[in-house]
Protein chains: 2
Amino acid sequence: MPYTYDYPHPAVSVDIAIFTIRNDELNVLLIKRAEAPFRGEWALPGGFVQMQESLGAAAERELLEETGVSGVYLEQLYTFGQPDRDPRERVITVAYYALIPSDQVELRAASDAEGVGWFSVERLPELAFDHPEILETAMDRLAAKVEYSTIALQLMPAAFTLTELQNLYEQVRREPIDKRNFRKKILALDVIEATGEERREGPHRPAKLYRVIDRSRVDVIK
Amino acid sequence: MPYTYDYPHPAVSVDIAIFTIRNDELNVLLIKRAEAPFRGEWALPGGFVQMQESLGAAAERELLEETGVSGVYLEQLYTFGQPDRDPRERVITVAYYALIPSDQVELRAASDAEGVGWFSVERLPELAFDHPEILETAMDRLAAKVEYSTIALQLMPAAFTLTELQNLYEQVRREPIDKRNFRKKILALDVIEATGEERREGPHRPAKLYRVIDRSRVDVIK
DNA sequence: GCAAAAGTGTTATCCCTACACCCATGA
DNA sequence: TCATGGGTGTAGGGATAACACTTTTGC
């Protein structure tokens, strides 16, 4: 059942950089390619856009297929279209990135013994295609948005400590932050609130737990 | 000479919002559609991506065809892909926006009596397809970047007055700026310098002229 | 001389940064 | 009791925002 056109058409795919926090580190989901090209190498999850679905819907579908989650933060990143980026045919890919709260990560990734896995962004394997460039673009975007919005909260679980949150900021920004200034600033935004609970772990004072007041909101700061 | 594929492929186009300053107003270039659909309506210039060219190259080509200019500021904006956005077939469009210095606007637009024209963004005609959404996205991006970068200088001619520059900022931001604070801030950035010339026009004190120190640079502020 | 836009400084406020010690706990 | 991370306030400096009058010109 071939499809014919009067002039050549490229294929169009979506690829997603799916981020979460695991063990206090920013992680990204990668899948191991089962087929050529780049067979056996790691790549961002993605797939071709169906003719009846929007780009955002295609990204949501891929996200659901790989992680089982939906309703999380998902944003179009950039479109990559170098003519030779896929050796098979011309493939233009619309890249997205998603942020998953770290307690919503049960996912297929854990169950599938092989073929899919979380990687710390500090210790990435070789990536197929132009996925290194896509992932770098995603991390740059994330770092930029963390500076001027409350987007980082999209990665936090239902209850978290201020130290965990600061940890995330420091990782994305790649530089240390003063603890007192950080707490003042975050609390002044009025986007998180104390749950009243504490977390006791290890030989030190228990940490107060906080929650995001409105999960669906990403505020621009200032 | 048909082109056949095993599964359906969308068409991929680029559309460009080309901005410049005319008569102290932000203008955008539109072309009148000569064919269906939306025949006779105004639209952003654009065209299909050729199989051997990158997306950026396609955008540059369209820009050159419509305005005769090249080497100006050009940035990918967003990719629009609603399945029904073009009634003929599935067309995914990668939108770009370009900023042209107001003294480089001789262009085809002026010579062609019909079919192409500059429009103030304050007085836009009805637009074809989803181009209202694309143009709005472009203006939002421009407004955002003006706040935290020196991108606005990409629209200024070889010599300009501080009042003209302030005028542009006020238009994009849609609110008035204090004259003294504006001058202090811009001059402190060290991105423009006095030419030594003045412009005398009208019954008032002549205005000092300034030029951009490095045209190729767009700085992020702070 | 008058109307019109160009040009020019100072002050108060707010925000950001730097910085050090006590607290509660588990072992 | 000690090692570990959790929690807290203040002061100085820099940037931002508010604000009004003089200058130069064309008519």
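Everything numeric in this text was worked out from a predicted model, so none of it was measured. Each chain gets a letter, A, B and so on, in the order its sequence line appears, and its residues count up from 1.
- Between the side chains of Ser70(B) and Arg61(B), no donor-acceptor pair is found at a separation under 3.5 Å.
- Environment of CG in Asp84(A): crowded, with over 12 heavy atoms of neighbouring residues, nucleotides or ligands closer than 6.0 Å.
- Scanning DNA chain C 5' to 3' for nucleotides with an atom closer than 4.0 angstrom to a non-hydrogen atom of chain B gives a first and last hit of dA3(C) to dT10(C).
- Remark: Arg183(B), Lys184(B), Pro203(B), His204(B), Arg205(B), Pro206(B), Ala207(B), Lys208(B) in residues 183-208 of chain B come within less than 4.0 Å of DNA chain C through at least one heavy atom.
- Each of Phe129(B), Trp118(B), Phe119(B) was evaluated against Trp42(B); a single residue qualifies, Phe119(B), per the ring pair (Phe, Tyr, Trp, His ring centres under 6.0 Å) test.
- Looking at Lys184(A) and Asn181(A), their side chains come closer than 4.5 Å, going by heavy atoms from C-beta outward.
- Side-chain atoms of Thr93(A) come within 3.5 Å of backbone N or O of Ser13(A) as a donor-acceptor pair.
- The backbone N or O of Pro45(A) lies less than 3.5 Å from no partner atom in the side chain of Glu62(A), so there is not a single donor-acceptor pair.
- Within a heavy-atom distance below 4.0 Å of DNA chain D, the residues of residues 160-181 of chain B found are Asp178(B), Arg180(B), Asn181(B).
- Salt bridge annotation for Arg199(B)-Glu164(B): present, with a cationic side-chain nitrogen under 4.0 angstrom from a carboxylate oxygen.
- Under the side-chain contact (heavy atoms from CB on, under 4.5 Å) test applied with Thr150(A), the options Val220(A), Ile192(A), Ile186(A), Leu189(A) reduce to a single match, Leu189(A).
- With contacts defined as side-chain heavy-atom distances shorter than 4.5 Å, the pair Ile18(B)/Val69(B) does not qualify.
- Partner of Glu147(B) under the salt bridge (charged side-chain N to carboxylate O under 4.0 Å, His left out) criterion, out of Lys222(B), Arg174(B), Arg173(B): Arg173(B) alone.
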